[in-house]
Amino acid sequence: MSWLPLSFGAPMVLWGLLALPVIWWLLRLTPPKPQTEVFPPLKILARVLRREETPQQSPWWLTLLRLLMAALVVMALAEPVFNPREKLPAEGSALALVIDNSWASAADWGKRVATAERLIADAGSNGVPIVIAFTAEKPNAEIGPFDASAALDHLRAAKPRPIPTDRPAVYARVAAALERLPGASVAVLADGLAAKGDEAAFNTLLDRNAKRLVWATSDRPSVTGLISAENQVDGFALTAIRAPGNPAPAQVTAGAFDDKGRRIADATLAFSPGEAAATATMAVPFELRNDFASIALDGEHQAGAVRVLDESSKRRRVGLLSQAEADQAQPLLSALYYIRRALQPFADLVEPSSADLADAIPQLLDQKPAMIIMADVGTIPEQVRQRLVEWVDKGGTLVRFAGPRLAAAGNDDDLLPVRLRSGERALGGALSWTTPQAVTEFPKNGPFADLSPPSEVTVSRQVLAEPTPDIVERTWATLADGTPLVTGMKKDKGTLVLFHVTPEATWSNLPISGTFVEMLRRVVQLSRNQGAAIANAESTAASLAPYRMIGADGMLTPPSPDARPLVPGAGPMPVTLENPPGLYGSETGVFAHNLLDASSTFAPLVRPQVSLPVTAIPYAFDESENLKGPLVVVALLLMALDTLAVFWMGGLLARRPRRAAVAATAAVLVILGGLFGHADLARADDSKPGDAQAIDDISKTRIAYVITGEPGVDSISRAGLEGLTRFLIEKTALEPGPPAGVDIAKDELSFFPLIYWPIDASAPMPSQAAIARIDAYMQQGGTVLFDTRDQFSNGIGAGSASPATERLRDILANLNVPPLEPVPSDHVLTKSFFILPEFPGRFSGSPLWVEASLDASNTENRPVRTGDGVSPIMITANDFAGAWAVDENGDPMLPTVPPDPMQRVYALRAGVNIMMYMLTGNYKSDQVHVPVLLERLGQ
């Protein structure tokens with residue numbers, strides 16, 4: 001039953017309102033007010049004979065109060081709902097919920113969950129089983145059927161994944177489950193993007209056993225994705241896409257971030273009306289572009305709007321050197337012409353101003369190139385040769401092309417990958433028995449392994465390599481007769497490469513083929529003056545461990561347990577649960593595996609045309625509100641007022657004002673206590689008696705925080721300790737209770753091993769008695785963690801202190817503070833659970849101060865200090881609670897500075913180390929019994 005924005009779950013109860021006139025008639029009759037008589041007996045006898053009195057009417061306002069109270073009780077029993085929602089069609093033999101939890105659903109995942117919860121609730125009220133399946137989960141994930149409670153558990157445990165959907169496989173499983181439940185309602189909660197195989201998937205799901213289709217639609221505009229980010233000559237070229245046919249123009253801003261999460265460049269991409277693609281260029285200097293680690297679209301909190309970059313996205317500086325004179329009339333015969341044309345799109349080319357090798361080579365080396373290409377350079381001058389050798393040994397890549405000068409120069413073991421035979425070999429011609437040779441399959445151990453051999457390329461002249469035992473390992477390309485075309489080898493940290501033909505089209509037509517461009521591109525990718533190589537000859541076929549993954553919300557996160565090593569291949573590698581998008585490799589070098597590639601497009605998902613009844617619903621939160629509780633509260637408050645009115649009318653308040661006031665106050669408190677007795681006040685003294693509260697506090701380990709009186713500071717402190725508590729439960733065997741807020745002036749402090757005290761200058765200064773209680777707490781073995789949260793203002797010992805630091809100094813002036821020092825590298829805190837060199841919070845850079853171990857000494861075989869006890873005081877300015885704070889969904893509430901996802905992980909690990917240190921002390925410093933224990937284990 002619904003009246004505009006109000007409905008009733010039990011409308012028949014409203015017939016009870018018809019009893020209000022009867023109640024009014026009963027309430028209007030009240031006995032007369034009692035008469036007070038003074039004792040004189042004769043006066044009593046004189047007034048024995050009195051006229052008969054009739055009952056007196058109750059006051060109109062008291063009658064109205066009681067009628068209103070009765071009406072409120074009747075309405076509360078009718079279960080009124082404000083802004084009621086329409087009941088969703090979840091009838092039939094079962095409800096099948098198929099939910100897309102791909103990357104495209106991450107931005108409004110909360111609305112999708114709320115919509116699914118309403119469907120499950122309605123199905124549960126109808127008593128039908130529920131099949132629930134997600135299209136971006138493992139193929140063997142359980143799909144039911146479940147009851148409503150189990151289905152809700154599965155729904156709330158699910159989360160969006162940074163991968164595409166797999167509708168055909170999942171819909172087939174749901175259809176198989178519905179064969180045992182014919183006549184079910186099918187609810188499709190899609191992400192709005194079409195995928196390959198959708199038509200067949202919908203036919204499989206809806207053709208046979210479905211009774212009704214519930215189609216959920218999103219009011220959010222189509223998602224925007226970043227499909228390309230290429231480092232070109234004049235800047236980083238970006239390409240973004242959206243679903244086609246959108247008539248509205250749009251602009252989106254892209255930001256470039258370095259490996260520490262700092263934003264260092266911006267660009268705006270503009271979509272014209274109806275256009276599905278937009279481009280822009282980040283025109284920033286070459287050196288700055290090489291610092292790009294990722295590019296993300298602002299406002300798009302999903303994995304498709306982020307691209308991570310590896311070394312292949314950095315432009316290398318390549319030096320070009322040739323001894324041949326350039327012929328301006330015939331540029332195609334220039335030794336460097338084809339090399340320039342091949343490298344210019346993806347490298348910055350530098351050339352010396354001098355033709356003299358003694359001057360040209362130092363000029364190139366001063367430019368700090370990643371790679372140097374020498375076109376038919378013979379003997380290297382002795383005065384610069386050693387410097388060139390050292391450049392290669394330190395990581396430079398030297399590429400040499402053959403020619404008459406190199407053929408006549410002889411061998412150079414330090415600057416050539418193989419030993420050469422003297423002279424050159426001619427293939428074909430009037431005086432030769434051989435014919436020009438074609439290029440055969442590229443060896444699997446070289447960087448060209450994934451290239452197809454160019455059928456149009458032939459070689460008519462080359463320099464030959466001496467046959468040595470390692471010639472096969474150093475050969476990257478061969479001719480049909482087995483002789484090397486390209487050889488290469490690692491030399492210390494650098495690479496030596498030799499093309500056994502000239503760089504111009506005189507000895508072969510390789511320089512005028514497309515394969516020549518790809519070969520040079522891969523050699524450029526080998527150059528790693530700025531980092532170690534991933535795509536090099538030694539690791540081409542190796543698997544790369546997951547390093548940093550892109551979450552469904554677009555944030556970089558540590559790898560999940562499901563992530564598996566990635567094997568780079570020749571073609572596009574699919575994004576799966578085992579290989580989610582992100583960076584693979586290690587700190588020495590990474591490989592970027594992105595969700596979208598340059599050929600990706602978005603197409604809106606079209607509702608299938610079926611003969612079933614279709615109900616379209618929007619994704620939305622449930623905004624209905626049950627009014628039963630508020631109505632009962634108001635009725636009880638009116639009852640309290642009625643009680644006070646009766647006391648007043650009976651004269652109780654007039655005759656015994658003090659006792660009556662106490663009785664009335666007690667009655668009101670009893671009523672209000674019944675109403676609000678279950679409220680969680682989040683205080684150490686809550687609403688329980690002292691003994692009961694003490695038992696509750698010691699039953700579980702709880703972390704406490706000081707209530708400063710500033711609502712914003714206290715809420716972050718509580719959210720921060722809740723986040724740390726969750727992390728402790730996930731990562732350790734400790735299961736702490738909920739955090740407790742303490743008033744240091746009156747609450748018992750000895751129940752808590754650690755008290756977190758955020759220092760705020762605007763909070764009231766604690767009294768001397770409160771500070772004395774803190775001092776006693778520290779003397780008795782407790783620890784207080786002071787956090788000034790002002791790392792970017794100043795340090796503890798700075799000359800000009802921030803207001804928070806000044807307040808901390810005022811507090812410490814009244815405490816018995818021991819000598820302090822920053823946590824040493826061998827302190828127990830650095831090893832109590834995780835190995836941590838520093839203790840960041842929301843900010844990074846401030847040291848964590850602890851009690852100085854003045855008498856500490858390290859003896860042999862002791863990895864940590866022997867004199868470390870539990871410090872009674874810790875001081876930081878990094879805002880630990882701000883980094884730990886999470887909302888009710890477990891999402892971080894405040895960003896880290898800088899915005900590095902790993903900084904938050906390290907902050908949580910720092911909190912775990914602090915708690916383990918508090919609870920276990922310096923147990924890790926005791927290594928005395930290690931030899932005995934190892935000996936017993938060996939036995």
Side-chain angles (χ1 to χ4, degrees), residues 316-327 334-336 339-340 343 347-425 461-468 470-471 474-476 484 486-504 506-507 520 523-524 526-530:
R316 275 63 166 193
R317 184 177 284 116
V318 178
L320 302 182
L321 187 62
S322 174
Q323 286 186 286
E325 297 182 358
D327 189 350
S334 169
L336 297 176
I339 296 176
R340 292 191 191 99
L343 294 179
D348 289 277
L349 308 179
V350 293
E351 298 186 41
S353 58
S354 173
D356 185 0
L357 292 180
D359 295 329
I361 291 178
Q363 287 178 14
L364 288 181
L365 295 178
D366 290 341
Q367 296 285 333
K368 297 181 178 179
M371 185 169 78
I372 293 178
I373 297 180
M374 293 183 176
D376 190 22
V377 173
T379 303
I380 307 296
E382 198 62 35
Q383 60 269 34
V384 297
R385 183 177 181 278
Q386 186 58 34
R387 185 179 176 186
L388 183 61
V389 171
E390 292 175 357
W391 172 80
V392 173
D393 291 340
K394 292 179 180 179
T397 299
L398 178 63
V399 179
R400 304 186 68 174
F401 283 82
R405 294 179 181 83
L406 181 64
N411 287 296
D412 188 342
D413 294 337
D414 292 327
L415 296 175
L416 286 174
V418 293
R419 295 188 61 82
L420 301 177
R421 292 182 177 181
S422 60
E424 55 194 69
R425 176 196 183 197
R461 192 177 294 269
Q462 69 177 140
V463 291
L464 283 175
E466 289 283 356
T468 57
D470 55 0
I471 187 63
R474 301 185 183 185
T475 300
W476 290 0
V486 182
T487 53
M489 64 170 286
K490 294 288 291 183
K491 185 176 185 295
D492 205 347
K493 296 180 180 179
T495 305
L496 294 174
V497 182
L498 173 63
F499 283 75
H500 291 242
V501 294
T502 58
E504 72 276 1
T506 55
W507 287 19
L520 285 182
V523 175
V524 169
L526 294 180
S527 59
R528 289 296 191 275
N529 268 357
Q530 300 170 359

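Keep in mind that the numbers below use all heavy atoms, side chains included, and drop hydrogens, waters and symmetry copies. Just so you know, these numbers come straight off a predicted model, no measurement behind them. For the single chain, residues carry numbers from 1 onward in sequence order.
Shown here are the salt bridge (Lys or Arg N to Asp or Glu O under 4.0 Å) partners of R474, two or more places apart in sequence or in another chain: D470. Applying the side-chain hydrogen bond (donor to acceptor under 3.5 Å, both in side chains) test to D366 and every residue at least two apart in sequence or in another chain returns R387. Here T495 pairs with T397, W476, K490, V497 under the side-chain contact (heavy atoms from CB on, under 4.5 Å) rule; sequence neighbours left out. Shown here are the side-chain contact (heavy atoms from CB on, under 4.5 Å) partners of V384, two or more places apart in sequence or in another chain: I361, P362, I380, P381. Legend: residues meeting salt bridge (Lys or Arg N to Asp or Glu O under 4.0 Å) with D393, ordered by chain and number and at least two apart, are K491. With sequence neighbours excluded, no residue forms a salt bridge (Lys or Arg N to Asp or Glu O under 4.0 Å) with D492. For R421, there are no side-chain hydrogen bond (donor to acceptor under 3.5 Å, both in side chains) partners at least two apart in sequence or on another chain. Not a single side-chain hydrogen bond (donor to acceptor under 3.5 Å, both in side chains) links T379 to another residue, sequence neighbours left out. Applying the salt bridge (Lys or Arg N to Asp or Glu O under 4.0 Å) rule to R385 yields the partners D412, D414; only residues at least two apart in sequence or on another chain are considered. With sequence neighbours excluded, the residues satisfying side-chain contact (heavy atoms from CB on, under 4.5 Å) with R340 are L320, S334, L336, L349, E351. Judged as a side-chain hydrogen bond (donor to acceptor under 3.5 Å, both in side chains), and not counting sequence neighbours, the contacts of Q363 are S353. Considering only residues two or more places apart in sequence or on other chains, D413 meets the side-chain contact (heavy atoms from CB on, under 4.5 Å) condition with R419.
With contacts defined as side-chain heavy-atom distances shorter than 4.5 Å, the pair V392/L496 qualifies. Residues L357 and L321 have side chains in contact (heavy-atom distance under 4.5 Å, counting atoms from C-beta outward). Within the 4.5 Å cutoff, the side chain of P484 has heavy atoms near those of the I471 side chain. Here the side chains of I339 and V318 are not in contact, with every heavy-atom distance at 4.5 Å or above.
Contact between G423 and V463 at its shortest, heavy atoms only, is O-CG1, 4.1 Å. Listed here is the closest heavy atom pair of F401 and I373: CE1-CG2, 3.8 Å. The two atoms that bring P369 and G319 nearest to each other are CB-N, 4.0 Å, heavy atoms only. For the residue pair A360 and S354, the shortest heavy atom distance occurs at CB-O, 3.4 Å. For T502 against G403, the heavy-atom pair with the smallest separation is CG2-CA, 3.7 Å. Of all heavy-atom pairs between A335 and S322, the closest is CB-OG, 3.5 Å.
We find the CG-CG distance between L520 and L343 to be 5.0 Å, quoted to the nearest 0.5 Å. Atom CG of L398 sits about 6.0 Å away from atom CZ of R400, to the nearest 0.5 Å. Note that CG of L364 and CH2 of W391 are 9.0 Å apart. Values are rounded to the nearest 0.5 Å.
Only one option out of Q462, H500, R461 pairs with E424 in a side chain to side chain donor-acceptor pair (under 3.5 Å); it is R461.
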**OP:** Take V523 and V486 through the test side chain to side chain contact (heavy atoms under 4.5 Å, CB included) and record every step on the way to the result.
**Re:** CA-CA 11 Å; V523 175; V486 182; over 6 Å; no
